[in-house]
Amino acid sequence: MANRGSTLVTEDEITRQEAFMHSVRELNPGADKKYLISTFGCQMNENDSEKLAGMLESMGYIRTDEMDECDLILFNTCCVRENAELKVYGHLGALKPLKSRRPGLVIAVCGCMMQQKEVVEHILEKYRHVDLIFGTHNLHKFPELLYRAVTGDAAVADISSCDGYIAEGLPVRREHSVKAWLTIMYGCNNFCSYCIVPHVRGRERSRMVSDILDEARFLARQGYKEITLLGQNVNSYGLDRKDGTSFAALLHRLEEIDGIERVRFMTSHPKDLSDELIYAMRDCHKVCEHLHLPVQAGSSRILAEMNRRYSREHYFELVQKVREHIPGISITTDIIVGFPGETDEDFEDTLDLVENIRFDYAYTFLYSRRTGTPAARKTDQVSEEVKKKRFEELLNIQNRISNEINSKLAGTVTEVLTEGHSKNNIDMMTGRTRTNKIVNFKGSADLTGRLVRVKIDKTGTWSLDGTLV
Ligand code: 5AD
Ligand code: SF4
C-alpha cells in the first residue's frame, strides 16, 4: 500500500521496489546470505533499521551477529554529535581486512550522516571498500540500490534530496515483541542553532492518520501491547497536512484500538506543548504518565541563542501545569552543556533548573560543533576541558536526584508491562512502569507481554527491583 494524499511515493514506485526485492532474492539462490545492521543514534534510526531489516528478509537475507560470516554489513548512521560519526569511520576502517578476505561482502552505509555531501565524498575517496551509500530520504529504494551494488562494479551512492516522500507499506522486522516504534512524522522545522537534524532530515512531513491507525491496529493484531510514537517534534504532528489534524486528536484515536495497552511518544518541544495535548494525556487512559521534554539549557539567554523560542520561566510554568493535570507523571529531559558563549553563570542557571524541576532522568550531552549550523560559526566556543567539568558536575547532581526520586518508590506496588528476560540475569524478568522506569523481578517467561503488579523492594538510579504480587 502506498501513501495517498499529498505525499509522493506512488503504488508504482513501491511495486518497482518489490520487483527489486524479488530480483535480489533470485541472485541469492538457497537464500542463505547473511546480514548485520549496526544502528547509531535515536529511536527513529532504530525504526528505520527495522524497515531495512524487513526489506532484507523479504530478499532472503538471514540475520547474524557475526561480522565474519556476513554477506552484507549495513551501518545506519547518526550525525547529531561528532562522536557518533567518528565511531562509524572507525568501524568502516576496521572492515577493510575483512573485505579483502571476502570480496563478495557488501558494505553499505546509510542514515543521517550520508545526507551530508562532504561525508559522502570523503567516504567515496577514503573508504574505497564501501559498496553502497544512501541517505534517509530514499530508504524505500534500498532493494533497487542493493541490486545495483551486488550486480555492478563501482560503488553506488544515491543521496536524493527530500521531496516529501513518505513510503508506506514497507516490510518491518521488529526488534521487540511487546513494544513497537511507530514513526508518525519525519523531519524538523525548528532549526535549533546547534542542531544538524533539520539540515539532514528535511522539513516536517506527517503521515496520514489512517495510515498510523492501520499500523497500530496491525501491531495490536500481532500481539504488541505498547507503541511509542516517534517524531523529532510530535507536538507539531499534522500541522503540515493543513487539514485540522493534531497530535492530541491522534492520541484520542489511538485510545480506541483494542489490544494496545500503552501509548508513549517522543520527542516534545516545549514551545509547542499545547493545553490540548496536556488534556489529551490526562484523559487518554492508554497514554502513559511520562513526558520527555528537552529543556537543553537553564539560562534564558542561552535558550535564545539556541533558537529554542521559550524562556526558562515558560519551561517552569509548563512543567507545573503538566504536573497539576497529571499527578505522578515522570518528566525526563535532554540538556546540552558547553553551548558557545555559555558562562559559569549560565551553567549555574542550568544546575538551578535541574535542582528545582527535579527530572526523573536527564540525557546530558557535551555540545558538539556541527558544520553548517549557526552555533558552529560562533567564535566563543567553550573549551573541551570546561565542557567536561560542567558535564561531570551536572551528571552528579542529576544522578543524585534520580536516585532520590526512585527511592521514594520503595514499598509501593506498581503496574509493569513485562518485556522479557533481563539482559543481565536470565532468572529475572524485566519491564517498565507507566512512568517508563525499568523494573526487574523474578518470574517466568510466560509473563512476557502481560501487565503485572510488582512491589518495589530496592531502588537505584537507573532501575528498580521488585517482587510480583
Ligand atoms: N551537540 C550536542 N548535543 C546535541 N543535540 C542535538 N544537537 C546537538 C549538538 N550539536 C542533543 C539535543 C537533542 C538530542 C537528541 O541531542 O539535546 O535533544
Ligand atoms: Fe534538532 Fe531542535 Fe529539531 Fe530537536 S527540535 S531535531 S534539537 S532542530
Side-chain angles (χ1 to χ4, degrees), residues 39-48 77-87 111-113 115-116 136 162 183-206 228 230-237 239-240 247 265-273 291-299 302-310 315 318 331-342 347 350 353-354 359 361-378 381-384 386-388 390-391 394-395 398:
T39 309
F40 298 82
C42 64
Q43 290 82 359
M44 192 93 75
N45 259 17
E46 286 178 23
N47 193 207
D48 280 351
T77 64
C78 166
C79 58
V80 168
R81 284 169 291 274
E82 190 186 17
N83 260 349
E85 292 200 338
L86 295 178
K87 274 191 211 152
C112 293
M113 207 174 145
Q115 291 295 144
Q116 305 169 97
T136 53
C162 173
T183 302
I184 60 167
M185 62 190 296
Y186 300 85
C188 179
N189 289 356
N190 288 315
F191 289 96
C192 300
S193 66
Y194 50 81
C195 187
I196 193 82
V197 170
H199 305 264
V200 296
R201 286 254 177 192
R203 296 296 70 70
E204 289 174 3
R205 280 109 53 212
S206 301
T228 301
L230 299 178
Q232 304 299 343
N233 178 15
V234 290
N235 304 151
S236 53
Y237 166 77
L239 298 183
D240 56 305
F247 184 56
F265 56 85
M266 65 193 313
T267 291
S268 298
H269 195 303
K271 81 173 165 54
D272 300 316
L273 187 79
L291 179 66
H292 185 64
L293 192 65
V295 65
Q296 311 296 4
S299 139
I302 293 291
L303 287 171
E305 293 279 323
M306 287 177 160
N307 192 30
R308 292 288 289 177
R309 288 175 279 169
Y310 56 86
Y315 191 88
L318 265 184
I331 299 183
T332 55
T333 201
D334 292 344
I335 300 174
I336 298 177
V337 297
F339 181 83
E342 184 187 71
F347 179 62
T350 296
L353 180 137
V354 164
F359 294 106
Y361 191 75
Y363 298 85
T364 48
F365 306 105
L366 294 167
Y367 167 72
S368 174
R369 203 171 178 176
R370 305 286 63 211
T371 310
T373 60
R377 291 192 285 275
K378 289 169 82 75
Q381 301 287 324
V382 176
S383 74
E384 288 304 310
V386 170
K387 273 195 238 175
K388 283 193 184 129
R390 289 180 186 166
F391 181 86
L394 173 61
L395 199 65
Q398 181 54 49

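When a ligand or atom number is given, it counts from 1 through the structure's own listing order. Everything numeric in this text was worked out from a predicted model, so none of it was measured.
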### Query
Are the side chain of S268 and the backbone of L293 linked by a donor-acceptor contact shorter than 3.5 Å?
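Answer holds: no.
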
### Task
Mark yes or no for whether R203, through its side chain, and N189, through its backbone, hold a donor-acceptor pair below 3.5 Å.
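The answer is no, because no donor-acceptor pair under 3.5 Å joins these two groups.
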
### Message
Would you call the rings of Y310 and Y315 parallel, tilted or perpendicular, taking 30° and 60° as the class edges?
### Response
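Answer is tilted, since the angle falls between 30° and 60°.
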
### Task
Start with the C-alpha gap between V80 and C195, add the side-chain angles, then the distance that decides, and say whether side-chain contact (heavy atoms from CB on, under 4.5 Å) holds.
CA-CA 7 Å; V80 168; C195 187; 5.5 Å; no

### Query
With a 4.0 Å cut-off, would you call R201 and D48 a salt bridge?
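D48 and R201: salt-bridged.
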
### Query
Does the gap between the ring centers of H292 and F265 come in under 6.0 Å?
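Not close enough - the centres of the two rings lie 6.0 Å or further apart.
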
### Task
May I ask you to check whether F365 and Y363 place their ring centers less than 6.0 Å from one another?
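They do not qualify: ring centres at least 6.0 Å apart.
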
### Task
Among all protein heavy atoms, pick out the one at the shortest distance from atom 7 (S) of ligand 2; state its residue, atom name and that distance to 0.1 Å.
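Going atom by atom, the protein heavy atom closest to atom 7 (S) of ligand 2 ends up being Y194 OH, 3.4 Å.
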
### Task
Could you tell me whether the side chains of S236 and E204 share a donor-acceptor contact shorter than 3.5 Å?
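Their side chains do contain a donor-acceptor pair, which is all the 3.5 Å distance test asks for.
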
### Query
Is a side-chain donor-acceptor pair under 3.5 Å present for E342 with Y367?
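No pair is found: no donor N or O on one side chain lies under 3.5 Å from an acceptor on the other.
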
### Message
Just to be sure I understand the site: which N, O or S atoms from the protein are less than 2.8 Å away from atom 2 (Fe) of ligand 2?
### Response
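Per the 2.8 Å query on atom 2 (Fe) of ligand 2, atoms found are C192 SG.
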
### Amino acids in close contact with ligand 1, where any non-hydrogen atom sits under 4.0 angstrom away
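Ligand 1 is contacted, at a heavy-atom distance under 4.0 Å, by V80, R81, Y194, Q296, D334, I336, F365, L366, Y367, S368, R370.
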
### Task
Applying side-chain hydrogen bond (donor to acceptor under 3.5 Å, both in side chains) between N47 and each of T39, T228, T183, report the one that passes.
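Testing each of T39, T228, T183 against N47, the sole residue satisfying side-chain hydrogen bond (donor to acceptor under 3.5 Å, both in side chains) is T183.
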
